[in-house]
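When a ligand or atom number is given, it counts from 1 through the structure's own listing order. Counting from 1, the numbers follow the sequence of the chain as shown.
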Amino acid sequence: MARLIDSGPGCPTPTPLRGRSAAEARGLVYDDAVKAETDALYPLVADFVTPMEWPAIAPLVAGINRLKKAKNAVILAHNYMTPDIFSLVGDFRGDSLQLAREAAATDAAIIVQAGVHFMAETSKILAPDKTVLIPDTRAGCSLAASITGADVRLIKQKFPNYPIVTYVNCTADVKAECHITCTSSNAAQVVEHVAKEWNTDTVILVPDQYLAKNVAAQTGIRVLTWPGACEVHEQFSGEDVRQLREAHPGVIILAHPECPPDVLQEADFAGSTSAISNYVSENQPNKVVLLTECSMSDNVAAENPNVNFIRPCNLCPHMKRITLENIYDCLVTGQHEVTIPEDVRVRAKAALDAMLALPKMARPLAFKTGQVPLELGMVI
Ligand code: SF4
């Protein structure tokens, strides 16, 4: 995984290098029709794709956009997709919950999940009548892989009196065993809600130990957790934040709550990808660092041309398995359909519905920064 703690303001994450052969191997060429269809799109990625590379990318983009129309398909593009996918072929863009909501609402027959496997499962849970495709089945997640439904059944046996909240970054199997899901936008709201509903001072939040620690610091509720972590966010440290401040005086540092608590302690603002994106759009800081996955900075930068981005770079290798090529291929072949056994889907939907039934927040919750990190008990 790439890790560059300070790549400076002018060094965006490179889009995958490709020769024309990737398009040509699929019978796609950069002809006058493709040029006419795609010329207007180039400015959206001009900071990431050179004019020399464009003839290799444009035929894939045109091919995907034609196939979407022909097959009544939409592409859900997560904030961590590279800008070519995010800006050129994504129909809906955002965090995993925003995308799942779009999946449920769309009239399209086919949903292509430009994200990781648990996100495609969430789309299928909420949109069971639609065909959900994942372009590469290897697009997993270290958090989702850290826990199974069987693990949650054991936790329930051990702690029958505590509600179990699961972060949406988990498999359908895990969601099916938990009482309610949460996202990084609403985790504190969900934990406070279930503590009240169950009349308990203790809530179990799995599988992300850092999200759990950060939520516990916000709410004052006793939280037990599971030793899972996002392999991208766990690499950031409070020391990184201090070094960035020293190297870039005046910089505003925004962190995702999957980062360890000492990162949030040192950051200026913390919140979900949506909260971070809103912060930048609304405050237009002169110079920012987003402590999250690399492509997020690229995509937020494209929408905020007056903000300077210092780009610390932790790539998610799972997200980066999704490419224009495999999106094109899955639209052609209909391969890799995501399916979930109906009894699992129904129980997983109940956990998602419990969260969706909570009062809708006007905006994603920000996490307090400057809090002293807490140590939490583990359920194993
Ligand atoms: S960024 Fe982290 S949480 Fe998101 S898919 Fe990658 S490993 Fe999972």
Side-chain angles (χ1 to χ4, degrees), residues 1-4 13 16 76-83 85-86 90 93-100 113-123 134-148 165-175 181-187 205-215 225-237 240 254-261 263-264 270-277 290-300 311-323 326 338 364 367:
M1 189 191 315
R3 177 152 218 266
L4 193 57
T13 319
L76 307 185
H78 189 266
N79 289 324
Y80 297 164
M81 289 292 106
T82 48
I85 296 171
F86 191 80
R93 300 167 209 155
D95 60 29
S96 61
L97 181 65
Q98 286 171 318
L99 297 181
Q113 195 84 32
V116 295
H117 197 268
F118 77 78
M119 295 176 182
E121 281 192 336
T122 306
S123 294
I134 182 98
D136 187 327
T137 51
R138 296 168 302 168
C141 167
S142 64
L143 264 177
S146 74
I147 190 165
T148 65
V165 179
T166 183
Y167 189 30
V168 285
N169 297 23
C170 65
T171 61
D173 222 22
V174 168
K175 289 184 180 76
T181 62
C182 73
T183 69
S184 47
S185 291
N186 65 13
L205 173 53
V206 297
D208 186 345
Q209 58 178 307
Y210 297 125
L211 181 73
K213 286 175 185 176
N214 290 324
V215 167
T225 190
W226 178 263
C230 162
E231 66 190 85
V232 173
H233 292 94
E234 74 173 340
Q235 293 188 58
F236 293 114
S237 68
D240 289 340
L254 300 93
H256 192 279
E258 287 169 19
C259 293
V263 175
L264 271 70
S272 62
T273 53
S274 307
I276 288 174
S277 180
L290 311 190
L291 294 179
T292 183
E293 209 271 347
C294 305
S295 293
M296 172 86 186
S297 291
D298 297 339
N299 294 325
V300 178
R311 293 179 164 95
C313 193
N314 282 350
L315 273 176
C316 174
H318 312 292
M319 290 280 184
K320 296 305 174 265
R321 287 201 181 275
I322 309 299
T323 62
N326 57 28
V338 174
F367 282 67

Self-check item: Donor + acceptor pair across side chains of Tyr80, Thr292 (<3.5 Å)
Solution: yes
Quiz item: Where is the nearest protein heavy atom to atom 8 (Fe) of ligand 1: which residue, which atom, and how far?
Solution: Cys141 SG, 2.4 Å
Exercise. Measure the distance from atom 4 (Fe) of ligand 1 to every protein heavy atom, then report the residue, atom name and distance (to 0.1 Å) of the closest one.
Key: Tyr80 CE1, 4.1 Å
Quiz prompt | Proximal ligand 1 atoms for Ser142, defined as those under 4.0 Å from one of its heavy atoms | solution = 7 (S)
Exercise. Could you check atom 3 (S) of ligand 1 against the protein and tell me its nearest heavy-atom contact, residue, atom and distance included?
Key: Asn169 ND2, 3.4 Å
Practice problem: Look at atom 6 (Fe) of ligand 1 and say which protein heavy atom is nearest, naming residue and atom and giving the distance to 0.1 Å. | Solution: Cys316 SG, 2.4 Å
Quiz item: Sub-3.5 Å donor-acceptor pair from the side chain of Asp208 to the main-chain atoms of Leu143, do we have one?
Solution: no
Quiz prompt | Residues Asn186 and Thr183: side-chain donor-acceptor under 3.5 angstrom | solution = yes
Exercise. Answer yes if the side chains of Glu293 and His256 hold a donor-acceptor pair under 3.5 Å, and no otherwise.
Key: no
Self-check item: Structural part of Glu258 in contact with ligand 1, heavy atom criterion under 4.0 angstrom
Solution: side chain
Practice problem: May I ask you to identify the nearest protein heavy atom to atom 2 (Fe) of ligand 1, giving residue, atom name and distance to one decimal place in Å? | Solution: Cys230 SG, 2.3 Å
Practice problem: Run the numbers for me: atoms of ligand 1, each under 4.0 Å from some heavy atom of Val232, listed by number. | Solution: 1 (S)
Practice problem: Spell out, as yes or no, whether a donor-acceptor pair under 3.5 Å connects the side chain of Lys175 to the backbone of Thr166. | Solution: no
Quiz item: Ignoring hydrogens and geometry, is there a side-chain-to-backbone donor-acceptor pair from Asn326 to Asp136 under 3.5 Å?
Solution: no
